[in-house]
> 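Shown below is the structure under consideration.
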There are 2 protein chains.
Amino acid sequence: MKREKALKPAANATSSRGDTEPRRRSDRGAETRAQLIAAALEIFGRLGYEGATTRQIAKAADANLAAIVYHFGSKEALHLAVAEHVAKSILARIGPTLASISTPEATATPEAARAALHSLVGTMVDVLLGSADAERWARFIVREQLQPNAAFDVIYGFMENAMSTALHIATVILDTPEDDEIRLRTLTVLGQVLVFRVAQTLVLRRMKWTAIGDTERAMIKQVILQNLDAILEGTKP
Amino acid sequence: MKREKALKPAANATSSRGDTEPRRRSDRGAETRAQLIAAALEIFGRLGYEGATTRQIAKAADANLAAIVYHFGSKEALHLAVAEHVAKSILARIGPTLASISTPEATATPEAARAALHSLVGTMVDVLLGSADAERWARFIVREQLQPNAAFDVIYGFMENAMSTALHIATVILDTPEDDEIRLRTLTVLGQVLVFRVAQTLVLRRMKWTAIGDTERAMIKQVILQNLDAILEGTKP
DNA sequence: GTCTATAGTCGGATAGAC
DNA sequence: GTCTATCCGACTATAGAC
């Protein structure tokens with residue numbers, strides 16, 4: 001928000017390069033772009049948009065400072081490219097699960113629906129807590145929430161999708177229409193997963209853990225799924 | 001992380017001013033300090049430590065740039081002073097509730113314990129969602145989680161307190177020893193509250209709300225307390 | 001496509017008048 | 001205690017050699 005002078009360049013935003021010329025022999029360019037995005041994801045997530053500097057990012061990506069402008073057009077465009085990358089990556093992870101529980105069969109009976117919901121929540125826990133990648137994604141996303149940017153809109157898309165699916169399944173299980181109450185309840189389930197990412201510093205201290213590994217993740221998943229069942233059971237009409 | 005040169009000054013950190021001279025007639029100094037802290041809370045919360053600039057803060061506080069160094073010693077010291085202010089403010093709000101449920105009577109019977117837990121969670125919802133101040137506190141705290149600083153330690157203290165109390169009450173209700181499982185479950189309850197602060201952009205969009213006012217807060221509280229009861233009921237040994 | 005060098009701007013901190 | 005003026009390091013973005 002500080003240097004809003006020459007925002008003229010950009011031109012070639014994020015993807016769709018090589019549209020003027022056929023794909024050439026070397027993919028050095030693509031590699032550099034990928035490295036820049038990976039480094040930017042990490043650094044934007046930790047320091048925020050303003051706190052991150054293009055020098056840091058270039059250095060972490062083992063690329064040249066000018067490469068950022070060359071490949072993305074500006075610091076801001078790089079930020080947006082990272083958001084797109086995150087959205088795509090997460091969708092790639094939960095997409096299969098989402099698809100498998102979006103079939104009519106998955107919600108044919110309350111039992112099947114319950115299994116589908118377990119599957120979705122379990123996948124969310126795994127995706128959010130199960131990889132170093134996810135750690136970076138989550139940090140980046142939470143930053144966007146704190147300071148909603150254009151990048152947030154990019155990310156919102158897939159969240160919308162997952163939440164809608166979960167909501168629909170929940171209405172089947174509880175046999176109720178979709179109303180504010182069940183919408184809120186769906187959000188509280190999301191919160192139970194998110195807290196382990198967002199308040200992780202607090203979580204680690206309280207649990208006297210040093211990290212959330214496989215064992216810890218399994219415990220967390222078990223507790224959340226038990227809660228989910230209890231909530232489904234306890235709030236039946 | 002950028003300008004680690006002259007970190008020499010500081011000297012007079014945050015409070016305890018006027019120890020060299022008796023409190024004088026005017027409290028202009030105290031007022032300026034308060035305004036600076038208020039402005040810094042808002043701006044650090046929104047932009048993060050690195051993203052915030054002392055010029056912005058001074059301007060928002062209607063104070064002079066040099067006043068920051070004069071009163072706090074440095075940008076970093078101001079940041080820490082804000083953390084202390086936040087911790088104190090929150091404790092002032094939940095302290096009474098915390099005290100009232102820390103008595104032996106409050107956990108004498110499972111019924112009383114359940115009421116105490118409701119009281120604590122309800123207060124948390126009110127504090128976190130019920131005031132414009134809380135919005136700022138939450139933003140600031142979440143930032144600290146993403147990028148733990150010295151300031152985080154300041155804030156952790158009161159969280160520890162509230163969590164321990166909640167945990168103890170839960171063990172009474174469930175009549176189980178304190179173990180990892182119940183610790184995790186306590187954190188999932190915290191998550192249900194936090195999500196409405198942390199992912200508020202998402203919440204507002206999904207609920208098609210424009211803000212979380214009294215009505216919305218009441219709905220949220222009801223849903224979370226119902227969940228809490230369901231969880232307590234559904235996970236009994 | 002990648003690099004170095006640099007232009008132009010903005011940052012935190014300081015000095016010293018009042 | 002508060003202010004203006006200023007230093008100087010670090011920032012983003014650019015130009016142009018390779």
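Chain naming here is simple, since letters A, B, ... match the order of the sequence lines and numbering starts at 1 in each. Values reported hereafter were calculated over all heavy atoms of this structure, with side chains retained and with hydrogens, waters and symmetry mates removed. Note that the structure is a prediction, hence the values are computed from the model and not measured.
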> Just the atom pairs and distances: protein N or O near nucleotides 4-6 of chain D's N or O, under 3.5 Å.
from: D:dT4; atom 1: OP2; to: B:Asn64; atom 2: ND2; distance (Å): 3.2

> Distance-only check: which donor-acceptor pairs under 3.5 Å involve side-chain atoms of residues 187-195 of chain B, not counting sequence neighbours?
from: B:Thr188; atom 1: OG1; to: A:Asn227; atom 2: ND2; distance (Å): 2.9
from: B:Thr188; atom 1: OG1; to: B:Arg185; atom 2: O; distance (Å): 2.6
from: B:Gln192; atom 1: OE1; to: B:Asn227; atom 2: ND2; distance (Å): 3.0

> Give the rounded distance in Å between these two atoms: CD of A:Glu50 and P of C:dG12.
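One finds 12 Å between P of C:dG12 and CD of A:Glu50, rounded.
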> Among all residues two or more places apart in sequence or in another chain, which pass the salt bridge (charged side-chain N to carboxylate O under 4.0 Å, His left out) test with A:Arg136?
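By the salt bridge (charged side-chain N to carboxylate O under 4.0 Å, His left out) rule, A:Arg136 matches A:Glu42, A:Asp133.
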> Would you indicate which nucleotide in D:dG1, C:dG11, C:dT2 comes nearest to any side-chain atom of B:His71?
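Closest nucleotide among those given: D:dG1.
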> Is the backbone N or O of B:Ala52 less than 3.5 Å from a side-chain atom of B:Gln56, with the two atoms forming a donor-acceptor pair by type?
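Side chain of B:Gln56 to backbone of B:Ala52, a donor-acceptor pair under 3.5 Å: no, none is there.
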> Can you measure A:Asp62 atom CG to C:dC3 atom C1' for me and round it to whole angstrom units?
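Taking atom C1' of C:dC3 as the reference, CG of A:Asp62 is at 13 Å.
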> What I want to find out is whether A:Asp126 reaches A:Arg93 closely enough, with some N-O distance under 4.0 Å, to be called a salt bridge.
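No salt bridge links A:Asp126 with A:Arg93.
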> Between D:dT2, D:dT14, C:dA13, which one does the side chain of A:Val69 approach most closely?
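That would be D:dT14.
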> A:Glu160: what forms a side-chain hydrogen bond (donor to acceptor under 3.5 Å, both in side chains) with it, not counting sequence neighbours?
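A:Glu160 satisfies side-chain hydrogen bond (donor to acceptor under 3.5 Å, both in side chains) with A:Tyr156, A:Ser164, B:Arg206 once adjacent residues are dropped.
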> Check the distance between D:dA13's P and A:Gln56's CD and give it to me in whole angstrom.
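After rounding, the reported distance stands at 14 Å.
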> Give the angle between the helix axes at the two ends of the helix from C:dG1-D:dC18 to C:dC18-D:dG1, taking five base pairs at each end and rounding to 10°.
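The helix from C:dG1-D:dC18 to C:dC18-D:dG1 shows an end-to-end axis angle of 0°.
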> What is the distance from CD1 of A:Ile68 to P of D:dC11, rounded to the nearest Å?
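Atom CD1 in A:Ile68 sits about 12 Å away from atom P in D:dC11.
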> How would you list, by chain and number, every residue that makes a salt bridge (charged side-chain N to carboxylate O under 4.0 Å, His left out) with B:Asp214, sequence neighbours excluded?
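B:Arg217.
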> Within this structure, what is the CG-to-P distance between A:Leu47 and C:dG11, rounded to whole angstrom?
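Taking CG of A:Leu47 and P of C:dG11, I get 17 Å after rounding.
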> Could you list the residues that satisfy ring pair (Phe, Tyr, Trp, His ring centres under 6.0 Å) with B:Phe140, not counting sequence neighbours?
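For B:Phe140 the ring pair (Phe, Tyr, Trp, His ring centres under 6.0 Å) partners, ignoring immediate neighbours, are B:His79.
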> Measure from the side chain of A:Tyr70, starting at C-beta and using heavy atoms only, and say which of C:dG11, C:dG1, D:dA13 lies closest.
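Of the options given, the side chain of A:Tyr70 lies nearest C:dG1.
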> On the nucleotide D:dT2, are OP1 or OP2 found under 4.0 Å from the side-chain N or O atoms that B:Thr32 carries?
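For D:dT2, OP1/OP2 do have a side-chain N/O of B:Thr32 under 4.0 Å.
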> Which pairs count as salt bridge (Lys or Arg N to Asp or Glu O under 4.0 Å) when at least one residue sits in residues 144-156 of chain B, sequence neighbours excluded?
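Only A:Arg205-B:Asp153 qualify under salt bridge (Lys or Arg N to Asp or Glu O under 4.0 Å).
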> Quick one: A:Lys75 NZ to C:dC10 P, roughly how many Å, whole number?
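To the nearest whole Å, that distance equals 14 Å.
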> Among residues at least two apart in sequence or on other chains, which ones pass salt bridge (charged side-chain N to carboxylate O under 4.0 Å, His left out) with B:Glu135?
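Here the qualifying residues are B:Arg139, B:Arg197.
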